[in-house]
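Every number for a ligand or one of its atoms is a count from 1 in the order of the listing. Numbers for residues simply follow the sequence, beginning at 1.
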Amino acid sequence: MGSELSSASPSEDSPTPPEPESALETARLQLHRAADHLDIDPNIVERLNHPRNVHEVTVPIERDDGTVDVFTGYRAQHDSVRGPYKGGLRYHPDVTRDECVGLGIWMTWKCAVMDLPFGGAKGGIAVNPKTLSRDEKERLTRRFAQELRKVIGPNLDIPAPDMGTDPQTMAWLMDAYSMQEGETIPGVVTGKPPIVGGSEGREDAPGRSVAIITQLVCEYYDQPLSETTVAVQGYGSVGANAARLLDERGATVVAISDVNGAMYDPAGIDTASVPSHDEEPEAVTEYADTVISNDELLTLDVDVLIPAALGNVITEANADDIAADFVVEGANGPTTSTADSILADRDVMVIPDILANAGGVTVSYFEWLQDINRRSWSLERVNDELDEEMRAAWDAVRTEFENRDITWRDAAYIVALSRIAEAHEARGLWP
Ligand code: NAD
């Protein structure tokens with residue numbers, strides 16, 4: 001175990017880490033917050049404070065000009081008590097061991113709150129993918145697959161796309177793994193193109209789950225969707241899909257944004273007519289009559305605010321100015337712990353990322369089932385089953401929320417941690 005992985009409880013020595021806080025700090029804070037509400041063996045909590053394994057590998061590739069560069073890659077595997085590890089692989093210059101550990105812990109909670117038979121993992125390579133040609137990226141991915149071959153697999157650890165990686169990257173990874181194993185094994189990764197075992201509906205799933213949860217929140221608080229105003233930060237895979245679905249279902253989307261700024265129309269935006277990040281990158285403001293800043297978008301007086309771009313955007317600095325009644329987290333970690341406390345004091349309901357955007361990993365689970373069974377599902381079936389899973393997770397979280405008089409975030413972590421702790425109790429500690 002690395003020395004940076006202190007075993008001290010963060011609630012003991014650093015209750016509010018300085019902003020912006022790291023994924024690992026947040027993950028540990030949330031573990032201890034949830035554990036404080038539950039009667040759990042402290043040894044299990046201590047175990048969950050640490051990853052089970054962190055694999056660090058070096059990945060040499062031949063550049064197109066014949067020179068060789070060596071990159072560092074990681075795969076952090078947190079907990080597998082409920083099933084194989086599951087989580088993304090990112091190619092980004094800021095990828096570090098600790099970031100992979102923190103994000104791997106988040107994946108454990110996300111899978112558990114959705115009741116998926118997976119534990120959490122995260123990995124990646126510290127590289128700027130924009131500096132790689134397509135051929136270099138393919139060679140890097142195939143070599144990374146080879147370096148991780150012994151520690152991944154459909155029953156062991158199942159990677160998925162993340163920042164800087166995409167369905168094509170997963171297809172190369174699956175191919176490299178399968179070639180070495182001597183048989184086609186589509187279930188080793190998810191988020192593949194449908195032609196090689198990917199699932200219909202995977203791409204839209206995180207945004208779809210954000211929309212489903214937003215609708216459930218509105219129903220719960222007797223807020224008709226037809227009288228609900230929504231602001232969405234980020235108009236990419238998560239933000240655009242969530243905005244469009246909510247628009248289709250009757251909500252009034254008054255603001256959407258990308259990195260250049262936000263489009264604002266209090267009468268409601270026709271979300272289908274504005275291209276998403278995928279369709280035309282960073283073009284939102286070109287379609288706008290009125291442009292406001294991303295900071296202004298976050299503090300608009302709307303019913304629902306959906307931060308769906310980046311982490312750490314709702315902070316101590318702006319939490320007092322958030323005017324929305326509900327924040328539904330589309331991005332991972334958009335609210336810092338300090339901001340979270342301020343919002344809780346102000347009775348702003350924050351529906352956490354591990355529930356709201358969990359549609360992605362849920363449809364990854366469907367993809368894995370389809371791969372194992374060698375039988376693909378229709379888009380209609382994927383969307384129907386996603387809806388069912390989201391409602392089941394919502395019901396479990398709502399029950400804790402009502403029974404314990406806590407925040408929605410604490411309720412979600414309590415659902416997740418109880419399931420993990422019960423599984424640990426039932427299995428016991430080997431030997
Ligand atoms: P994306 O690349 O498709 O879109 C990101 C959007 O955010 C773009 O519109 C971009 O212009 C905008 N953006 C970037 N920087 C910004 C800034 N400083 N201010 C405002 N907008 C900015 O990304 P995505 O896949 O939609 O992911 C968004 C968030 O959701 C990330 O936090 C990601 O980790 C999280 N997430 C994604 C998935 C998934 O499968 N796509 C699943 C769960 C969570």
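With a heavy-atom cut-off of 4.0 Å, M163 does not touch ligand 1 at all. When heavy-atom distances to ligand 1 are checked against a 4.0 Å cut-off, P206 comes that close only through its side chain, counted from C-beta outward. Both the backbone and the side chain of V238 come within contact range of ligand 1, each with a heavy atom under 4.0 Å. Contacts with ligand 1 closer than 4.0 Å are made by backbone heavy atoms (N, CA, C, O) of A308 only, the side chain lying farther away.
For atom 19 (N) of ligand 1, the nearest protein heavy atom (residue, atom name, distance) is N294 ND2, 3.6 Å. Protein heavy atom at the shortest distance from atom 14 (C) of ligand 1 is V259 CB, 4.0 Å. Here the protein heavy atom with the shortest distance to atom 9 (O) of ligand 1 is Y235 N, 3.0 Å. Closest protein heavy atom to atom 3 (O) of ligand 1: S237 N, 2.9 Å. Of the protein's non-hydrogen atoms, the one nearest atom 11 (O) of ligand 1 is E282 OE1, 2.5 Å. For atom 34 (O) of ligand 1, the closest heavy atom belonging to the protein is N332 ND2, 3.3 Å. If you check which protein heavy atom lies closest to atom 7 (O) of ligand 1, you get A309 CB, 3.4 Å. Closest protein heavy atom to atom 5 (C) of ligand 1: G236 CA, 4.2 Å.
Within 6.0 Å of atom CD in E380, 12 or fewer heavy atoms from other residues, nucleotides or ligands are found, so the atom counts as exposed in its surroundings. Under a cut-off of 6.0 angstrom, the local environment of CG in D289 is sparse, with at most 12 non-hydrogen atoms contributed by other residues, nucleotides or ligands.
In this structure, G330 counts as a contact residue of ligand 1, since one of its heavy atoms falls inside 4.0 Å of the ligand. Judged by the shortest distance from any of its heavy atoms, A331 lies inside the 4.0 Å radius around the atoms of ligand 1.
A salt bridge is defined here as a Lys NZ or Arg NE, NH1 or NH2 lying under 4.0 Å from an Asp or Glu carboxylate O, and R346 with D321 fails to meet this definition. A salt bridge does not link D247 with R244: every distance from a Lys NZ or Arg NE/NH1/NH2 to an Asp or Glu carboxylate oxygen is 4.0 Å or more. Between R391 and D395 no salt bridge is recorded (no basic side-chain N to carboxylate O distance below 4.0 Å). Using a 4.0 Å cut-off between charged side-chain N and carboxylate O, K122 and E99 make no salt bridge.
A donor-acceptor pair under 3.5 Å is formed between the side chain of E367 and the backbone N or O of G191. In terms of modelled atom types and a separation under 3.5 Å, the side chain of T229 and the main chain of V302 share no donor-acceptor contact.
Below 4.0 Å from some heavy atom of D258 lie the following atoms of ligand 1, by number and element: 9 (O), 11 (O), 20 (C), 21 (N), 22 (C).
Put simply, the side chain of L417 reaches to within 4.5 Å of the side chain of W109, judged on heavy atoms.
Taking only non-hydrogen atoms, the option from N357, N241, L310, D353 nearest to atom 17 (C) of ligand 1 is L310.
The two residues V45 and L31 make their nearest non-hydrogen contact at O-CD2, 3.7 Å.
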